[in-house]
Amino acid sequence: MDEKYFPEQIEKKWQQRWAESGVFEATEDDPREKFYALEMLPYPSGFLHMGHVRNYCIGDALAWFKRLQGYNVLHPIGWDSFGQPAEQAAIKRRVNPRDWTEENIVHMRGQLQRLGLSYDWSREIAAHRPDYYKWDQWFFLKMLERGLAYKKVSQVNWCPKEETVLSNEQSSGGICWRCGTQVEKRDLEQWFLRITDYAEQLVRDIEQIEAGWPEKVLKRQSDWVGRSEGAFIDFQIKDTGKKIRVFTTRIDTIYGATAVIVSAEHPLLDEILEGSLLKPDIQAFAEKVKQQRATRTGEAEEEKEGLNIGALAINPFSSEPVPVWVANYVLMEYGTGAVMSVPAHDERDFEFAQKYSLPIRQVIAPATHDQIKGEPVQTTAGDASGEIRQSFTGYGVLINSGEWGGKLSEVAIKEMAEYAKAHGFGEPAVTYRIRDWGVSRQRFWGAPVPVIYCPNCGMVPVPYEQLPVVLPDTAEFTGTGESPLAGVPEFVNTTCPNCDSPARRDTDTMDTFVDSSWYFFRYCDPRNDNEAFNSVITRHWTPVDQYIGGDSHAVMHLIYTRFWTKFMRDIGLVDFDEPVKRLLTQGMVTNRVEGTDEWKAMSKSLGNGVDPDEMIAAFGADATRLFVLFAAPVENELRWSETGIEGAVRFLRRVYTMVWRWHERLSNAAVESDALDSSDGARALRRKTHQTIAKITSDFEGLHLNTSVAALMEMFNQLNDFNADPATASDSDVFAVREALEALVIMLTPFAPHISEEMWDGLGHEGGLLKQVPRWPVADPGLAAREELEIPIQVNGKLRSRVIASPGVSEDELRQSALADERVRALIDGREVVKVIVVPERLVNVVIR
RNA sequence: GCCGGAGUGGCGAAAUUGGUAUACGCACCAGACUCAAAAUCUGGCGAGGUUCACUCCUCAUGUCGGUUCGAGUCCGACCUCCGGCACCA
């Protein structure tokens, strides 16, 4: 240990030692309890940004904490290295995407190492390497085998800027998740994964993780799956023998249905129209709606438009014929693509009915408290003129509904669906909003879809033993819609595995979210050539104990990985339903945008980025890490400030200087036990030490890292105030200082590991902090307990005085000393004491009148 | 529009879940050291009033009301900001 704190020297030294000794490498054959700490793996864009730094500092602090507590910690890292930016670089700068990616990985790995993150580098993986994506292909074939992967022509989301297909999750809100461009619709033949088969489980199993995941993420997942209970009801089309099936959640309103409305893409449209005079008009209308849909701006809702197609549908409950319309606000993708229109009780139907003068018939009356108590039903939806001015969408009491009149909505919804089922014109039903996951990408830089097309045999899966289907070294990167792979004859041309005749490979690659759906299982067994991972080994580590990442993946990666895990369970690879026990979504790191008052996520295009390497060079990795964790609670936005980081440097230097002052005395003098004659100051210091140990240990459970750092600072301040002189201090004082300094150094380690190792060494310990674990201190409640209590005395709820009492003081004693207090007596003089509230060991409140 | 979350000093933020509001840090101010500056160390720092001073008083956690001996915390209404979803029948 040197007298002065030079971060770059210390950090280099310990990074080297860690690498040489392999202390962060985890093995399964370790009897200690395991802990899997995981951070979302980065895309190798070339440069680490502060958001990464924050993410990894949180995870690293937790990994260190658990290690020091004696856990066998798995803390791996890898690269989500397939994807668009590499291909964009290839298109724009004519570089090879593989070279570009590998170079970026080298640079970013260096950055991570300069931060001193405690990863097990022996387990590093990269999605673009054949030994990894071989298993993406294997999983794809497994899904194909089980009918979970299928191909169909459909309208897909298309980002015109990146010229690529996007999944529904990636185009949420109608904009591209990566570049924010307005998404268009295109008809393409695409591979899909049947995530909808798991919709029910994706909602149901939320129960298993709700204790450990942020509520807002679970809510977004549950909204995204969009489970909706209702009923299917068949409306016969008059004079045709055909029927239209509608989905409704409000079967109780069916007597108010004044039309049936189908989507422009509804298949029955063509059938019904056979021979109809209206056919050209309707086809033109349907075409127009399709256009609207394709170019939707995503912002405002379209004006509702529709057309009466001249057919009548029979309401199976009332036997009433109602007109069939086609309209732009009915979506083919949801439910059955057809709805019953109940203007009186649905806002959209109301708006539509107003515009086209469809009848509006009230069939639900609000059920108020009064009404339930027997007051007459108030039909508030209509005014004196009988005109209905807005729809009433709440539950209530059925009116104008034949034999169902008088029932409450809740009851009618159940009974009417059962009735429909019993009479063969419908049934209770559950629908979901989630759609199947479109995974085809007409891109080069991804895992090729392992499928061959043979003129004789049709579509043939690549046999497992022929995996991986390896990407060619390069291709023509035009940036247009077709996959570059289609232009590589050596890749495309192959022979059929069945009949050996010439055949062609599928030229699509898979969505990169396939790679990230299972990568953390691969970390458990990263070099396995025979399987994606060995189940027994992986079972040792998984599920993940704590996952940390940004909440931008709340419905993309996190829903895919839950789906993937359930699939892996179904093919016997894992034996649990949910991959992640606890999830933390950390806040963004923002910086002021030059010349404005706006704080935005750091980015190259806004020019408000901060280079982690510059921070490390200027302040050291330890100070950078400490500041990032101290500046705000982990889930809050973190507004970057350079003055703040100087405070972190200052703190580290002060601690370092303190250890330097004491290190000789502490590493030489063997002071074995606490002498009985300890000074007040020494006892107070020990109390603070043990209080701080308790505080930080429990703060770590909730990842309240900012308050942990504050507690360390407080403890240091008290140590500083204690102000003992190493040359002359008594044995008992030295004992208290040693205890405090050692606890301080150990508890500082998760935040600033390099300087902590250096100071631990300076305090006379050899072999590093992980030489002997558990090392994390344990609080002694006896030592942490206060010797005397300062009890605030309130009069009428206002703080007026304080008294000193000992722990365990009785309520009565406290009451007496409060009433005996001089200031309190002055205040109660001449007034009546109504009562005295005593909170044991906390507070006294004297109520006077 | 619907669904979430949040409003506490000049700033980032604390507050053991109803019990001393503003811990810790940043910024700022003053003092020490220095020829000087930086660094470092020491002290101060919600607002207003009062006192030579020690002190004490009043107000203050977005606004208004309520519950309670006591409210940043619970309840009701509202305002503002941020995020998500957006014709999902």
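Values in this document were obtained by computation on a predicted structure and should not be read as measured data. Reminder, nothing fancy here: chain letters follow the sequence lines and each chain counts from 1.
The CG atom of A:Asn796 sits 11 Å away from the P atom of B:U58 (whole-angstrom rounding). A straight line from CD of A:Glu215 to C1' of B:G5 spans 10 Å, rounded to a whole angstrom.
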Using atom types as modelled, flag every donor-acceptor pair under 3.5 Å from a side chain in residues 250-260 of chain A to any protein atom, sequence neighbours excluded.
{"unit_1": "A:Arg250", "atom_1": "NE", "unit_2": "A:Asp252", "atom_2": "OD1", "d": "2.9"}
{"unit_1": "A:Arg250", "atom_1": "NE", "unit_2": "A:Asp252", "atom_2": "OD2", "d": "3.4"}
{"unit_1": "A:Arg250", "atom_1": "NH1", "unit_2": "A:Thr393", "atom_2": "O", "d": "2.9"}
{"unit_1": "A:Arg250", "atom_1": "NH2", "unit_2": "A:Asp252", "atom_2": "OD2", "d": "2.8"}
{"unit_1": "A:Arg250", "atom_1": "NH2", "unit_2": "A:Gly394", "atom_2": "O", "d": "3.3"}
{"unit_1": "A:Asp252", "atom_1": "OD2", "unit_2": "A:Ser409", "atom_2": "OG", "d": "3.0"}
{"unit_1": "A:Thr253", "atom_1": "OG1", "unit_2": "A:Arg250", "atom_2": "O", "d": "2.7"}
{"unit_1": "A:Thr258", "atom_1": "OG1", "unit_2": "A:Pro359", "atom_2": "O", "d": "2.9"}

Please list, pair by pair, any protein nitrogen or oxygen found under 3.5 Å from a nitrogen or oxygen in nucleotides 41-46 of chain B.
{"unit_1": "B:C41", "atom_1": "OP1", "unit_2": "A:Arg654", "atom_2": "NH1", "d": "3.1"}
{"unit_1": "B:U42", "atom_1": "OP1", "unit_2": "A:Asn720", "atom_2": "ND2", "d": "3.2"}

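By the 4.0 Å N-to-carboxylate-O rule, A:Glu427 lies close enough to A:Arg245 to be salt-bridged with it. For the pair A:Arg227 and A:Glu200, the salt-bridge criterion is met [side-chain N within less than 4.0 Å of a carboxylate O].
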Contact pattern, 5' to 3', of nucleotides 13-22 of chain B - B, S or - by protein heavy atom under 4.0 Å: SS-B--BB--

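Rounded to whole Å, the C1' atom of B:U73 lies 14 Å from the corresponding atom of B:U67.
Using a distance-only test at 3.5 Å, with no hydrogens or angles considered, no donor-acceptor pair links the side chain of A:Tyr5 to the main chain of A:Leu652.
Contact between the side-chain N/O atoms of A:Arg823 and the OP1/OP2 oxygens of B:C57 is found at a separation under 4.0 Å.
Relative to the ring axis of A:Phe352, A:Lys304 does not place its NZ or CZ within 45° and under 6.0 Å from the centre.
Partners of A:Asp725 according to the salt bridge (charged side-chain N to carboxylate O under 4.0 Å, His left out) rule, which considers only residues two or more places apart in sequence or in another chain, do not exist here.
Within the 4.0 angstrom heavy-atom criterion, only backbone atoms of the sugar-phosphate kind lie near A:Gly647; the bases stay farther away.
Counting only Watson-Crick or G-U wobble pairs whose defining distances are both under 3.5 Å, the stems of 3 or more consecutive pairs in RNA chain B are B:1-7 with B:79-85, B:10-12 with B:24-26, B:28-32 with B:40-44, B:46-49 with B:56-59, B:62-66 with B:74-78.
Listed by first and then second residue, the side chain to side chain donor-acceptor pair (under 3.5 Å) pairs involving residues 645-661 of chain A are A:Arg654-A:Asn717 (not counting sequence neighbours).
Between the side chain of A:Lys304 and the base of B:C87, a donor-acceptor pair under 3.5 Å is found.
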